[in-house]
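Starting from 1, each residue takes its place in the sequence as its number.
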Amino acid sequence: MRVRLAVLVLVGVLVAGISLAGKKTDGPDALLKADMDFDRATAEKGIDGWVSFFAEDGMQLTPEGNIKGHSAIREYMGPAFARPGFSLRWKPTFADVGRSGDLGYTTGTYESRGTNAKGNEVVRTGRYVSIWKKQKDGSWKVVLDTGSPDAPR
């Protein structure tokens, strides 16, 4: 009887550990990884990488207004990505996920590089926040993205 009880307790502890470990993959660490993957995909694939991490109805808040959906985001950001020498990179520094486990956000710093009309390099830096929603397939997608530029140097 004691052996059975010990085995049941051990199995219960293992199952609880596996359950908690599973939840960890849905937490802030998973969201930080998704944001780092988003940065890498954008660096490697340009506009296609950028758009692929947005939910179908995802939105960018821009100085010109709210840009919603894949085609609108591609149309808005496409010209920037098409410019020779343009790059957009970022580093997430914080993430959190709500109790429900399907909504979270990341914050961090960004840097964009490009050239102006005279061909001089222009570097812009700032901070951003992205709100993420877990999709039916378990992946995280951006539902809202916005940034705040640093003051000019």
* Asked: In chain order, what residues pass the side-chain hydrogen bond (donor to acceptor under 3.5 Å, both in side chains) check against Thr106, with sequence neighbours excluded?
  -> Asp35, Trp132

* **Which atom of Ser130 lies closest to which atom of Asp145, heavy atoms considered** => OG-OD1, 2.6 Å

* Asked: Given the rule that I, L, V, M, F, W and Y join up when any side-chain heavy atoms are under 4.5 Å apart, are Phe86 and Val122 in one cluster?
  -> no

* Structure fact -> Distance col, row Met36:CE vs Arg40:CZ, nearest 0.5 angstrom, shows 8.0 Å

* Output the rest of the hydrophobic cluster of Leu144: all Ile, Leu, Val, Met, Phe, Trp and Tyr residues reachable through side-chain heavy-atom contacts under 4.5 Å, sorted by chain and number. => Met59, Leu61, Phe94, Leu103, Tyr105, Val129, Ile131, Val143

* So Asn66 and Lys68, side-chain contact (heavy atoms from CB on, under 4.5 Å) or not? Walk me through it. -> CA-CA 6 Å; Asn66 300 343; Lys68 186 174 183 178; 5.9 Å; no

* In Å, rounded to the nearest 0.5 Å, how long is the span from OG1 of Thr107 to OH of Tyr128? -> 6.5 Å

* What distance separates Ser139 OG from Lys133 NZ, expressed to the nearest 0.5 Å? -> 12.0 Å

* **Pair Asp150 + Arg124: basic N to acidic O under 4.0 Å** => no

* **Glu121 side, atom CD; Asn116 side, atom CG - distance, nearest 0.5 Å** => 10.0 Å

* Asked: Rounded to the nearest 0.5 Å, what separation is found between the CG atom of Leu32 and the NZ atom of Lys91?
  -> 14.0 Å

* Residues Arg74, Asp48; criterion side-chain contact (heavy atoms from CB on, under 4.5 Å); working and verdict -> CA-CA 8 Å; Arg74 182 179 296 279; Asp48 292 333; 2.7 Å; yes

* To do: State the NZ-OG distance between Lys134 and Ser100, to the nearest 0.5 angstrom.
  => 9.5 Å

* Crowded around Glu111 CD? As in, over 12 foreign heavy atoms under 6.0 Å? -> yes

* Looking only at non-hydrogen atoms, find the nearest pair between Ala95 and Leu31 and report the distance. => CB-CB, 4.1 Å

* To do: State, yes or no, whether a side-chain contact exists between Met77 and Gln60 at a heavy-atom distance under 4.5 Å.
  => yes

* To do: State yes or no: are the ring centers of Trp140 and Phe38 separated by less than 6.0 Å?
  => no

* Should the pair Arg89-Asp39 be classified as a salt bridge under the 4.0 Å nitrogen-to-oxygen rule? -> yes

* Using a strict 4.0 Å threshold on nitrogen-to-oxygen distance, state whether Asp29 and Lys33 make a salt bridge. => no

* Distance-minimising heavy-atom pair for Ser112 and Leu88 -> CB-CD1, 4.0 Å

* **Flag side-chain contact, heavy atom, 4.5 Å: Thr109 against Trp90** => no

* To do: Could you tell me whether a side-chain N or O of His70 sits under 3.5 Å from a main-chain N or O of Asp57, the two making a donor and an acceptor?
  => no

* To do: Under the ring pair (Phe, Tyr, Trp, His ring centres under 6.0 Å) rule, collect the residues that match up with Tyr110, sequence neighbours excluded.
  => none

